[in-house]
J.: 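Got a structure for you, questions after.
So you know, we letter chains A, B, ... as the sequences are listed, proteins then strands, and number each from 1. Side chains included, hydrogens not; waters and symmetry mates left out as well; all remaining heavy atoms used.
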Amino acid sequence: MARPQRFIDDEGKRLDGRKPDEIRPVKMQVGVLSNADGSALVEYGLTKVLAAVYGPKESQKSISLPDRASLRVRYHMAPFSTEERKNPAPSRREVELSKVLRESLEPIVITDYFPRTSIDIFIEVLQSDGGTRTVGATAASLALADAGIPMKALVAGVAIGKVDNVLIVDLNEVEDMYGDADMPIVAAPDLGQITLYQLNGVLSKEEFHNAIDMAMKVINKLVDIEKETLRNSYKEAGEE
Amino acid sequence: MARPQRFIDDEGKRLDGRKPDEIRPVKMQVGVLSNADGSALVEYGLTKVLAAVYGPKESQKSISLPDRASLRVRYHMAPFSTEERKNPAPSRREVELSKVLRESLEPIVITDYFPRTSIDIFIEVLQSDGGTRTVGATAASLALADAGIPMKALVAGVAIGKVDNVLIVDLNEVEDMYGDADMPIVAAPDLGQITLYQLNGVLSKEEFHNAIDMAMKVINKLVDIEKETLRNSYKEAGEE
Amino acid sequence: MARPQRFIDDEGKRLDGRKPDEIRPVKMQVGVLSNADGSALVEYGLTKVLAAVYGPKESQKSISLPDRASLRVRYHMAPFSTEERKNPAPSRREVELSKVLRESLEPIVITDYFPRTSIDIFIEVLQSDGGTRTVGATAASLALADAGIPMKALVAGVAIGKVDNVLIVDLNEVEDMYGDADMPIVAAPDLGQITLYQLNGVLSKEEFHNAIDMAMKVINKLVDIEKETLRNSYKEAGEE
Amino acid sequence: MSTTPFRVQIIPKIKKESYLNLYRKGQRADERDFYSPRKISIQTNVLEKANGSSLVKLGNTQVMAGIKIEPGEPFFDTPDQGVLQVHAELVPLASPQFEPGPPDENSIELARVIDRSLRDPKAVDLNSLVIRPGDKVWMIWLDLYILDYDGNLFDASMLAAMAALLTAKMPEYEELETGEIKISKNISNNPIKINKKVVTVTTAKVENYILVDPNLDEEIISDTKSVIAFDEQGNIVGAQKTGMGSLSQEEIDNIINVSSSAAQVYFKLLNDALKSEVKEEKGDK
Amino acid sequence: MSTTPFRVQIIPKIKKESYLNLYRKGQRADERDFYSPRKISIQTNVLEKANGSSLVKLGNTQVMAGIKIEPGEPFFDTPDQGVLQVHAELVPLASPQFEPGPPDENSIELARVIDRSLRDPKAVDLNSLVIRPGDKVWMIWLDLYILDYDGNLFDASMLAAMAALLTAKMPEYEELETGEIKISKNISNNPIKINKKVVTVTTAKVENYILVDPNLDEEIISDTKSVIAFDEQGNIVGAQKTGMGSLSQEEIDNIINVSSSAAQVYFKLLNDALKSEVKEEKGDK
Amino acid sequence: MSTTPFRVQIIPKIKKESYLNLYRKGQRADERDFYSPRKISIQTNVLEKANGSSLVKLGNTQVMAGIKIEPGEPFFDTPDQGVLQVHAELVPLASPQFEPGPPDENSIELARVIDRSLRDPKAVDLNSLVIRPGDKVWMIWLDLYILDYDGNLFDASMLAAMAALLTAKMPEYEELETGEIKISKNISNNPIKINKKVVTVTTAKVENYILVDPNLDEEIISDTKSVIAFDEQGNIVGAQKTGMGSLSQEEIDNIINVSSSAAQVYFKLLNDALKSEVKEEKGDK
């Protein structure tokens, strides 16, 4: 993948024709797996992430918490999901992302209902075209809801970037790789709370503030799609 | 090792002078180790495999079975056993062969006599010249008997191959490497049961049937040698 | 680092100006860390080793001993401590040195006061210029004392070498690398006991005997410095 | 170290008995006859960026196959052949029994049986994958990703493998002055050269019954399983007994015959899927 | 697999309550105000044989940084750049919570946040580290060694990293006829070319209070932490929420402002330490 | 992390007391005197396909040594020397105490002591193992395989190592046009060039008694062990205290003298075995 000359053309359109604040086509599906207690497949453009939830189930002693459920989160990339075939052993990047994703989900799961249990959340990136951790957060949120885990609110994620001095939402891989900043954000709009933010790149304080503003608007929409998806799945279940 | 032009000469003899249905010189010895509860050294030609059995002994909790003993089997090649020095860490091949060998021994061990215990079977290839897994099954069978583990029957193993369109028994390394098929078989003739079969290579249905027939005849003889070996070892013990 | 032509000049001085039986400048400090129950930083010349002690604390079951405390010792080199950057994963050398250092400390710790507990001793080489294991033993001895662990005696360590047919004490890295022998020794002079000795290289029986003699003299002095260091630390603590 | 697996009472004895009662009447719990596989769906090109991909559903078992093709070095003893690497992951989202971690004996056995069943009959034309003999060849990474586990991973994985191989596209490349191979376009119009198609047929033996395509419940109550690989000419191109029990010679003969017929069903579905190459559900329940 | 950490009752609830009582009065347990870091000492060149080194004490937290510079190969996609490798070890002598073993998620996160905060603003001039383009470049190994753990590893580590980088010396080398790069002298007088200085500021959120440079007790009772990296111009060059809780937009705005001020304190101490380059204690309790 | 081993009451205290009673009378439980090794058998060329091999029985302790010789690259700092790699495996069939897995501290210590005792006195002429200086040399892989464990692995392993080295045969090779080294015949008639023979002598200290070649029971009740390596001229070419206890200077002097004599017994048996090179039992019970 070569660096493009410009990221935004004279009409203010991005390389794939989107406007700066426009997200890629979003698809969400729940209940896609039979064994998992909850599951979801979420796509933003070509980025496809599958999430599954098992639990709550009795914890192994070594991780059992007396006053709450413990979350176990694994973010993992399929070997065929990346530009070059990825070794299936967890990379340092996957270890870090598993941690920040766990920490982005802890605030929304009502864990004190289930002391001494654990809830396993598996996030598998099937195809990567930028934004895998934020798509993963959205998929995990849906899979938790699909599993019937009590939650304070839904979260969704999106990355904000900066190219040609313009803030843009939902970076694809080229924008991520060659842009000036990549700021993944996960939030629960119904709580007004941000549960994950990271910044790779350089932003002024003002840009930083505006980036979060931009993200919150998109995340609002994404959570609405999540709700719609869940409503439809209940409907289907009811119709069966 | 280069590929030979022909595997069978005009007189129907193989490269090492054997007839198609002839096994290599076989040696069997039991009680060769002092610490193990049972042990055996078995050679088919240059292939030499040592097996040792420990147990039954109380299981670690994580593998304890309430109604039977669990078998733990390790097939392992000594670093000096192979053409090129082998890294001692278990290879994917050794992991698979440990599994299929365990599954070839489960049917003959009367495991329900010893619930919540484990029986460890260690199979060490000292020199490899083809057929190590089948020699390993024979050695394990003898070591189990030497350890006094109650068994329904003895098993023995042999590989059937196909070279120059002829089925042959007990492949050596050249026949294994350059032949058209390698079909290791382990069986308990006294039960009429086959406990391991695999096929690498291509056979017609008829050849497949005939290969098993061939194997059963050889395995019958091998189990007879096992019995003779055990009888002699009891005699020695009695004479001491 | 190239091999020097001579290790000892016409005046009997070594490359760094020392006499054969002269140790490098020694620095010892205790209580350098706040979390550890005891700690010490010891330098012989440019070799710097930090040791910390935690415990006695209740043992994990798997290593719990019914009649004594178990020692857990880790000798580890910081990645920046060596000529070439060292991979932080423990090398075979570090595994062996952890063992011989543990065995050099077992005889001085009164472990039967604390059955079913473990005492952890961490030895971190911050800079290596020869003799790291012996400096490590000295640092561990001080850290144990600083932690208030009951001890029969203090130990200290020094390496004896042979260059240009002369026995020398406290090898630096060049003398270690290109000398004819390296004999690390750890001893408790107050008990008249040697708790670690190893020899890499070739010595006659007489040289071997003399090397231990030489080491014992130096170790005597080192243990005196240890005692002085501990006295000063108690004084400081008293003055506070 | 291979250890007897722990799986007590996942299916209680009473359930096994009720299954056997059905078998005695010639029925299975999901209303199939003994020799029919479950409903099968084969989708290809499910991933836009991989060189090849497929998603196979065999009942509730789901396997995704993904193919990446990269320049690499040939093995020392086969300088004139490309390299095929088959790996399988029992991803923990597929089953409460799967744990994260390096491949265990089950995923290794699965990958190695698929690998051998492709390699021994020369299903993939490795000779066509040479860029510069002895120096640069194409490496085909075939990764099997188990997404949902309801028994019979072998057949689902082999169908997924073949579907992905048969629809995969080679990369386009240029040779740099330094001799380096640079991929100029990830996906061209050129397919991988496939010599023959292969399917495996898995049968479970439960007491004296032989069942094609066992689901998870049937696997758990079974005495042992056999995996037989076939080419379209009906040759046996691989075989593996898997599981703890044993078989008589007659049972093996029977398994070969039963499996040989079932292989034709798989080949038909595979060929149909390739013809349409559209994503739609196939097979009968 | 990332798992909710176990740390129950290390600080009992009653202690948290007493801390909160202090915060309500605008005080902290160690008598700092909310936005002041602890006493800081920055020593450089603490190791004679490494290319660069430093020892930073931030209260009772101690971090040693060591730099080794070696010839190596560039990454395929950046043939004209040297390589910076940042690693962090939570050495078990630093805390009863740290266990020997490969890096866990905490040390990996620490190293990666430091790495990105140096890499993204191009703090180190990687272009100056090329020996032969596309073939041989300098590799800078920056190892962060946590020796004593009393909270806020990020800020202490970043100060240690910068102090070591700013005082490190390149090796001298010769090219052998074979093309091999041989280091003729480990340490020359040439510094590493640094484009800009960076510090991180860590804040803890405890209920509605924001505390700069939390110590271990404060970290344990905190809801979440934020690590914000700044350059001397006040740009944000990296950020990371770390820990289980969440933050409102307003809280993040506040954190940015508070952190931006605290960054100036760190920069002053860092610059002072470099000016003197002598080993002495700095900062105020 | 090295941890105090767990081995409580394998030999009860009463047994130790009865052993000590024997020692007080100048006797050992197996009727040896204090300074005699157990019955020894040294077989060579026990494997037809390895470059060298041996099987040593020292009482019930059995060690197999196997040597493979392969072309490889020299170490950067010794371009004119071949490479000797010594590894030891405590194979689980040898003892209920040995577990499968990567080498533990005991097997690493064993291999490293054998390695140093060969390396430091230059027992193997590494300079004779160069194919093309700085580029291709012979690598000698010496693998020690512990098959039955009844104490004193060091002496048995060193005897096995020497017997295998002294009877090993180099491969024959050709240089391909590409510069590649191809082995044309695994085993030639050329031996490895050995500069000197080395044996180790292990002694156990039990209270104030020094026992040569301790068996497992004696090792368990011993306070500590010493391993001293000798060449045939009586020089000390390696030494290692191993085990938890300590020794006085006088005890060490005594151990050196006792071990030096026992070394002659080992050398004689080793030389006899090489002369005959037939497989027969040697030594006295």
Side-chain angles (χ1 to χ4, degrees), chain B residues 1-2 31-41 43 45-58 60 72-90 94-95 98 118 120-130 136 139-140 143 147 172-173, chain F residues 45-55 57 59-62 64-72 85-103 107 111 139-151 160 164 168 171 182-186 215-216:
Chain B
M1 227 179 301
V32 294
L33 301 177
S34 67
N35 276 320
D37 294 316
S39 60
L41 177 64
E43 311 181 22
L46 294 182
T47 294
K48 297 183 212 282
V49 180
L50 186 61
V53 168
Y54 285 90
K57 55 185 179 186
E58 207 191 335
Q60 292 165 270
R72 303 200 307 159
V73 175
R74 189 173 94 132
Y75 164 95
H76 188 246
M77 302 189 92
F80 43 74
S81 68
T82 48
E83 194 73 13
E84 285 181 44
R85 194 252 179 189
K86 194 200 154 284
N87 186 313
E94 284 167 300
V95 170
S98 296
S118 65
D120 289 356
I121 302 168
F122 300 107
I123 298 168
E124 286 288 340
V125 177
L126 300 179
Q127 186 160 267
S128 155
D129 191 45
N172 63 24
E173 196 158 7
Chain F
N45 291 315
V46 295
L47 301 174
E48 293 82 355
K49 297 177 80 175
N51 295 91
S53 60
S54 66
L55 178 65
K57 298 180 189 170
N60 280 331
T61 289
Q62 284 193 55
M64 185 174 277
I67 289 174
K68 299 295 289 185
I69 304 178
E70 298 176 357
Q85 289 266 10
V86 181
H87 288 267
E89 271 189 81
L90 309 188
V91 189
L93 54 63
S95 165
Q97 295 172 51
F98 298 170
E99 279 290 322
S107 57
M139 307 206 36
I140 298 183
W141 295 95
L142 169 56
D143 279 284
L144 296 163
Y145 228 57
I146 312 306
L147 300 180
D148 215 348
Y149 172 42
D150 190 28
K182 201 191 147 193
I183 291 184
S184 47
K185 202 175 144 190
N186 261 330
N215 63 24
L216 186 55

J.: Grab the two heavy atoms, one from F:Pro96 and one from B:Tyr54, that are nearest each other, plus how far apart they are.
T.: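 The answer is CD-CE2, 3.5 Å.
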J.: Examine whether an atom of B:Leu50 lies under 4.5 Å from a heavy atom of chain F, and if so say whether it belongs to the side chain, the backbone or both; otherwise answer neither.
T.: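 Both parts, backbone and side chain.
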J.: Given heavy-atom pairs under 4.5 angstrom as the criterion, report whether the side chain, backbone, both or neither of F:Pro102 touches chain B.
T.: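 Looking at F:Pro102, nothing touches chain B.
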J.: Keeping the roles fixed (side chain from B:Asn35, backbone from F:Asp148), state whether a donor-acceptor pair exists under 3.5 Å.
T.: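 Side chain of B:Asn35 to backbone of F:Asp148: no pair is present.
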J.: Between F:Val46 and B:Gln127, is there a side-chain heavy-atom distance shorter than 4.5 Å?
T.: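 The answer is no; the side chains never approach within 4.5 Å.
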J.: Heavy-atom distances under 4.5 Å only: say whether F:Asn186 touches chain B with side chain, backbone, both or neither.
T.: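 It is the side chain, since no backbone atom gets that close.
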J.: Looking at side-chain heavy atoms only, is the closest gap between B:Arg74 and F:Pro92 below 4.5 Å?
T.: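 Answer yes - side chains close enough.
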J.: Side-chain contact, heavy-atom cut-off 4.5 Å: F:Pro100 with B:His76?
T.: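 Answer no - side chains too far apart.
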J.: Is the ring pair F:Tyr145/B:Phe80 parallel, tilted or perpendicular, if the boundaries are 30 and 60 degrees?
T.: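 The arrangement is perpendicular - the two ring planes meet at more than 60°.
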J.: Once rounded to the nearest 0.5 Å, what's the spacing between atom CZ of B:Arg85 and atom CE of F:Met139?
T.: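 B:Arg85 CZ to F:Met139 CE: 8.5 Å, rounded to 0.5 Å.
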J.: Is any side-chain heavy atom of F:Lys49 closer than 4.5 Å to one of B:Glu173?
T.: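 They are in side-chain contact.
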J.: Under 4.5 Å heavy-atom distance to chain B, tell me which part of F:Glu48 shows up: side chain, backbone, both or neither.
T.: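 For F:Glu48, the contact with chain B is made by backbone and side chain together.
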